[in-house]
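See structure below.
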Amino acid sequence: MEYLSIIPATALGYLGSRMFTHPTSKIRTKMPNIKTKRIQVFPVLRFKIGSRVIHLHHWIYFSVILIVSFFASVGVIDFIVTKGVLFGAIVHGLTLPKKHRKIIYKNHSIEKIILLDKSVVRND
């Protein structure tokens, strides 16, 4: 009977992940950006290495936590509801289009400078 609670927990994880991780959501835009020059830890986990950025998506670290929860019986991660919420967040991340699931990409600030430079209209 306890396993019936995984269905609403999965739905809660999916919807919650959708609300908190979408870049244009009202909740996400109000979250502070906690970062240094090379590392951003909140609301997303990104590392800048050279001209590349490594973005650890929520579905990656939730997958690791879910796998650990099957082997470690410690605190909150042992609850079936927690496993359902983690599974819902993983499903949300994997249902995004493939281009939004990139892990390593070019530094956006450099790309924006290049795009701005190309968009300048020159009257020669």
Side-chain angles (χ1 to χ4, degrees):
M1 202 53 128
E2 182 180 323
Y3 287 99
L4 289 177
S5 61
I6 200 165
I7 296 169
T10 302
L12 178 68
Y14 182 86
L15 295 173
S17 183
R18 196 168 144 193
M19 283 189 330
F20 286 103
T21 61
H22 195 277
T24 60
S25 73
K26 290 181 181 180
I27 296 172
R28 168 84 184 271
T29 55
K30 292 181 181 178
M31 290 181 183
N33 286 326
I34 300 173
K35 62 182 178 178
T36 63
K37 286 186 176 185
R38 297 199 172 270
I39 300 172
Q40 180 177 0
V41 293
F42 192 78
V44 296
L45 192 54
R46 290 187 183 136
F47 303 98
K48 181 181 175 192
I49 300 173
S51 65
R52 303 278 185 205
V53 176
I54 298 173
H55 180 171
L56 295 178
H57 296 273
H58 64 281
W59 56 271
I60 294 172
Y61 49 84
F62 284 158
S63 297
V64 171
I65 295 170
L66 184 63
I67 290 168
V68 167
S69 74
F70 290 120
F71 298 107
S73 298
V74 213
V76 179
I77 64 169
D78 194 34
F79 298 139
I80 194 74
V81 174
T82 305
K83 292 177 183 178
V85 170
L86 290 171
F87 183 68
I90 294 166
V91 168
H92 170 262
L94 294 176
T95 57
L96 293 173
K98 190 173 183 175
K99 67 179 182 177
H100 294 291
R101 287 187 270 148
K102 283 179 73 172
I103 297 172
I104 300 173
Y105 53 90
K106 292 179 184 176
N107 188 356
H108 284 300
S109 60
I110 294 172
E111 287 182 13
K112 286 180 183 176
I113 292 171
I114 293 169
L115 288 175
L116 287 173
D117 189 38
K118 288 182 179 178
S119 65
V120 174
V121 179
R122 297 183 180 162
N123 294 328
D124 292 334

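All values below come from the heavy atoms of this structure, side chains included, with hydrogens, waters and symmetry mates left out. Not measured: the values here are computed from a predicted model.
For H92 and H58, the distance between ring centers is under 6.0 angstrom.
Two different hydrophobic clusters hold V74 and V64 under the rule that ILVMFWY side chains link at heavy-atom gaps under 4.5 Å. The hydrophobic cluster containing M31 also contains I34, counting ILVMFWY residues as joined when their side-chain heavy atoms lie under 4.5 angstrom apart, directly or transitively. Hydrophobic clustering, with ILVMFWY side chains joined whenever heavy atoms are under 4.5 angstrom apart, groups I90 together with I60. V76 and L66 are not part of a single hydrophobic cluster, where members link through side-chain heavy atoms under 4.5 Å apart. I77 and F62 fall within the same hydrophobic cluster, where Ile, Leu, Val, Met, Phe, Trp and Tyr residues are linked whenever their side-chain heavy atoms come under 4.5 Å apart, directly or through other members.
With contacts defined as side-chain heavy-atom distances shorter than 4.5 Å, the pair T95/Y14 qualifies. Looking only at side-chain heavy atoms (C-beta outward), V81 and I6 stay at 4.5 Å or farther from each other. Using a 4.5 Å heavy-atom threshold, the side chains of K106 and R52 count as touching. Looking at W59 and V91, their side chains never come closer than 4.5 Å, going by heavy atoms from C-beta outward. Taking the side chain as every heavy atom from C-beta outward, I80 and Y3 approach each other to under 4.5 Å. Residues H55 and Y105 are in side-chain contact: their nearest non-hydrogen atoms beyond the backbone lie under 4.5 Å apart. By the 4.5 Å heavy-atom criterion applied to side chains, I49 and I54 are counted as neighbours.
In terms of modelled atom types and a separation under 3.5 Å, the side chain of R28 and the main chain of T21 share a donor-acceptor contact. Between the side chain of H22 and the main chain of T24, a donor-acceptor pair closer than 3.5 Å is present. Listed for the S25 side chain is a donor-acceptor partner under 3.5 Å among the backbone atoms of M19. Checked by atom type and distance alone, the side chain of T29 pairs as donor or acceptor with a backbone atom of K26 at under 3.5 Å.
Between the CG atom in L56 and the OH atom in Y61 there is a gap of 8.0 Å [rounded to 0.5 Å]. Atom CG of L45 is separated from atom CD of Q40 by 8.5 Å, given to the nearest 0.5 angstrom. Annotation: the span from R46 atom CZ to H57 atom NE2 amounts to 8.5 Å, rounded to 0.5 Å. Rounding to the nearest 0.5 Å places OG of S63 at 6.5 Å from CG of L94.
Here the shortest heavy-atom pairing between L96 and R101 reads O-NE, 3.1 Å. Contact detail for P43 and P32: the closest heavy-atom pair is CD-O, 3.6 Å.
Sparse packing is recorded around CZ of F71, with 12 or fewer heavy atoms of other residues, nucleotides or ligands lying under 6.0 Å away.
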